[in-house]
Amino acid sequence: MAKDMGSVGARLMALVQITAAIAALFVTSGLIGGLITPNLPENLRTPVLGLALWGGVLAGALMLMAAKTNYGLIGFSLPPNWSKCLLWVAIAVIACLVGAIAIGECIHRFTDWPPLDVSYIRTSIKGDVIAYAIWIVLVVWGSAAFGEELLARGFILNRMESVFGRSPVGIALAVLGQAAIFGALHAIQGTTGVVITAYIGIVLAGTYYLSGRNLWAPILAHGLMDTVSLTTMYLGAPLPGYIS
């Protein structure tokens with residue numbers, strides 16, 4: 001009985017920690033949005049606001065430290081085999097692209113949901129190479145590739161494993177749980193964006209496991225995909241799939 005109570009307590013604590021990390025993200029966002037971004041040019045506000053994600057990453061680091069672990073021990077360490085890592089990067093990019101296009105097409109055909117909305121990004125970088133460069137550094141690699149992977153596929157996925165366990169079913173539920181949170185955090189892109197982003201979260205989590213529980217493959221895949229997408233938007237070309 002005591003062991004069962006301890007297990008339940010550990011699961012509840014993991015859920016509390018996930019909630020705390022997300023709360024830290026929103027608190028940081030509120031502080032940046034209230035104190036810093038109003039003083040910036042409009043096209044730079046979103047990239048700087050995106051750094052709020054690191055509030056969640058830092059909170060996660062502190063909670064991992066309290067549990068006597070850290071991001072390095074859960075996957076943020078150099079991969080033992082870079083060739084294998086890069087192979088999984090390529091597979092992840094292809095799976096994300098093909099799946100996102102297919103899901104978008106299904107949404108377009110069978111629902112009345114609007115397309116994934118990235119108009120706010122196009123507006124921010126259109127004709128402005130400085131804004132484009134800032135988005136690449138702060139958003140694509142700073143917030144998305146490193147920040148989101150450390151938070152979602154690092155901290156949240158690790159805590160989800162504490163909730164559901166490390167059995168095949170437990171890992172599947174953990175992957176779905178972090179993907180749902182990852183998608184919800186992209187609500188600015190509309191319902192279609194939430195669903196497609198959740199799918200990408202599943203693929204990147206799978207990449208994390210298949211590359212030996214290492215975060216570098218999802219980090220590089222995420223950064224590469226977003227770099228290509230942002231560059232395509234900067235050049236004024238259409239993105240593939242059901243995207244505004």
Side-chain angles (χ1 to χ4, degrees), residues 1-27 53-77 79-80 84-85 88-89 91-92 95-96 99-100 103 144-187 191 193-222:
M1 179 66 71
K3 183 177 180 180
D4 290 342
M5 290 295 289
S7 177
V8 171
R11 292 179 181 186
L12 289 175
M13 178 56 70
L15 288 173
V16 169
Q17 290 174 332
I18 292 170
T19 303
I22 295 171
L25 186 162
F26 283 107
V27 168
L53 189 80
W54 284 91
V57 175
L58 177 58
L62 295 175
M63 286 181 277
L64 289 173
M65 189 183 303
K68 301 188 185 315
T69 187
N70 55 60
Y71 283 115
L73 293 177
I74 65 173
F76 190 47
S77 57
K84 181 180 177 182
C85 174
W88 284 116
V89 169
I91 293 172
C96 285
I103 292 170
F146 283 95
E148 290 182 354
E149 293 311 310
L150 284 171
L151 182 62
R153 262 60 69 185
F155 178 76
I156 293 177
L157 185 55
N158 176 270
R159 296 294 84 198
M160 284 290 184
E161 285 186 349
S162 295
V163 174
F164 297 112
R166 284 195 169 190
S167 68
V169 172
I171 288 177
L173 290 173
V175 167
L176 292 175
Q178 64 81 34
I181 293 172
F182 183 59
L185 290 175
H186 290 77
T191 307
V194 169
V195 172
I196 290 176
T197 303
Y199 164 75
I200 291 172
I202 292 172
V203 173
L204 293 177
T207 305
Y208 164 75
Y209 286 114
L210 292 169
S211 61
R213 288 180 175 268
N214 191 276
L215 286 166
W216 275 99
I219 285 171
L220 293 174
H222 197 156

Can you see whether Phe182 has Arg153 sitting over its ring - NZ or CZ less than 6.0 Å from the centre and within 45° of the normal? yes

For Tyr71 and Val57, indicate whether the former's side chain and the latter's backbone hold a donor-acceptor pair under 3.5 Å. yes

CG/Leu12 to OG/Ser162 distance, rounded to the nearest 0.5 angstrom? 12.0 Å

Look at the side chain of Glu148 and the backbone N and O of Ala145, then say whether any donor-acceptor pair between them is shorter than 3.5 Å. no

When rounded to the nearest 0.5 angstrom, what is the spacing between OG1 in Thr191 and NE2 in His186? 14.5 Å

To the nearest 0.5 Å, tell me how far Thr197 OG1 sits from Leu185 CG. 10.0 Å

Pairwise distance CD1(Ile156) to CZ(Arg159) - rounded to 0.5 angstrom: 11.5 Å

Evaluate Arg213 against Glu161 for salt bridge (charged side-chain N to carboxylate O under 4.0 Å, His left out), listing each step before the verdict. CA-CA 13 Å; Arg213 288 180 175 268; Glu161 285 186 349; 2.9 Å; yes

Straight-line distance of Leu157 CG to Leu215 CG, nearest 0.5 Å: 8.5 Å

Keeping Asn214 on the side-chain end and Ser77 on the backbone end, is there a donor-acceptor pair under 3.5 Å? yes

Check for me whether the distance between the ring centres of Trp88 and Tyr208 falls short of 6.0 Å. no

Rounded distance (nearest 0.5 Å) linking atom CD1 of Ile18 with atom CZ of Phe155: 6.5 Å

